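Notes follow the structure.
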Amino acid sequence: MTKLILASASPRRKQYLSYLGTDFEVIVPNVDESKIDAEKPSDLVLRLSKLKAQAVSLNHPQDIVIAADTVVAFEDTILGKPKDRVDAFNMIKLLQGKDHFVYTGTTIIQGTKIKSFVKGTKVTFSKMDDELIRSYVATGECDDKAGSYALQGIASMYIEKVEGSVSTVVGLPINEVRIALEEFGIRPQA
């Protein structure tokens, strides 16, 4: 019997995929997620989503494997997870009052059938003074988040506007995933 497999440890991706009402298994891929020199953010997430999906699909060729990768980018500079709270402060200071993009690459594989796509969402932070940034960083929400913030968390009160899919920012563009999974014979049960 064909299974749906999510190739990710992300609790947010698991949550979004669960909205489909379809059972799935989680298998975390072990891949090198290093950036290649001069690689654009959208190219990076697409390449890494393919790499993750292929790594899991090797041992599960009959199953449908879905993988995703997300980055926060400011002027084509990728903002990863902060090294420490000082780094988090500096990232939020850089983003405050400005627009940046969040890109999620998604790949779905079953045997030789593969579908990959990238979605980008523009996010605008409101202006924040240093005290407000320090207060947010002190919550710890930023500690393990790319770009040092979680759109669906406390940071939501500092987000002025989102142009595009919120689920793309959270890590799995669920509308596009739902549509793509229909090509693999999976329809939402919810």
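Quantities reported herein were computed from a predicted structural model and do not represent experimental measurements.
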Derivation of the side chain to side chain contact (heavy atoms under 4.5 Å, CB included) call for Lys122 and Val162: CA-CA 6 Å; Lys122 183 162 77 168; Val162 176; over 6 Å; no
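- Counting heavy-atom neighbours within 6.0 Å of Glu131 CD, excluding the residue itself, gives a total of 12 or less.
- In terms of heavy-atom proximity, Ser167 sits nearest to Tyr16 at CB-CE2, 3.5 Å.
- By the ring pair (Phe, Tyr, Trp, His ring centres under 6.0 Å) test, Tyr149 pairs with His100, Phe125, sequence neighbours left out.
- A salt bridge does not link Lys161 with Asp99: none of the charged nitrogens is closer than 4.0 Å to a carboxylate oxygen.
- Side chain of Glu141 to backbone of Ala155: a donor-acceptor contact under 3.5 angstrom is found.
- Between the side chain of Thr121 and the backbone N or O of Ser165, at least one donor-acceptor pair lies under 3.5 Å.
- Residues Lys119 and Tyr103 have side chains not in contact (no heavy-atom distance under 4.5 Å, counting atoms from C-beta outward).
- Cation-pi geometry between Lys113 and Phe184 is met: under 6.0 angstrom from the ring centre, within 45 degrees of the axis.
- Listed for the Thr107 side chain is a donor-acceptor partner under 3.5 Å among the backbone atoms of Lys50.
- Among pairs with a residue in residues 65-82, those fulfilling salt bridge (charged side-chain N to carboxylate O under 4.0 Å, His left out) read Lys52-Asp69, at least two apart in sequence or across chains.
- Judged by distance alone, with hydrogens and angles left aside, the side-chain atoms of Arg134 form a donor-acceptor pair with the main-chain N or O of Asp130 at under 3.5 Å.
- At a threshold of 4.5 Å between non-hydrogen side-chain atoms, the residues Val137 and Val86 do not count as touching.
- Put simply, the side chain of Gln96 gets close to the backbone of Met128: a donor and an acceptor are under 3.5 Å apart.
- The backbone N or O of Ala67 lies less than 3.5 Å from no partner atom in the side chain of Ser8, so there is not a single donor-acceptor pair.
- Listed here is the closest heavy atom pair of Met91 and Ser148: SD-OG, 3.3 Å.
- In summary, the side chains of Thr70 and Arg13 do present a donor paired with an acceptor at a separation below 3.5 Å, with no hydrogens or angles considered.
- Here ring pair (Phe, Tyr, Trp, His ring centres under 6.0 Å) pairs that include residues 52-96, with residues two or more places apart or in two chains, number zero.
- Considering only heavy atoms from C-beta on, Gln110 stays 4.5 Å or farther from Val65 through its side chain.
- With Lys35 contributing its side chain and Glu39 its backbone, the two residues share a donor-acceptor pair below 3.5 Å.
- In this structure, Phe24 and Ile5 have side chains that are not in contact, with every pair of non-hydrogen atoms separated by 4.5 Å or more.
- When atom types are taken as modelled, the side chain of Ser57 and the backbone of Gln54 share no donor-acceptor pair closer than 3.5 angstrom.
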Mind running side chain to side chain contact (heavy atoms under 4.5 Å, CB included) on Val45 and Leu48 for me, showing each step along the way? CA-CA 5 Å; Val45 295; Leu48 291 179; 5.9 Å; no
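- Not one N or O on the side chain of Lys14 forms a donor-acceptor pair closer than 3.5 Å with the backbone of Ser10.
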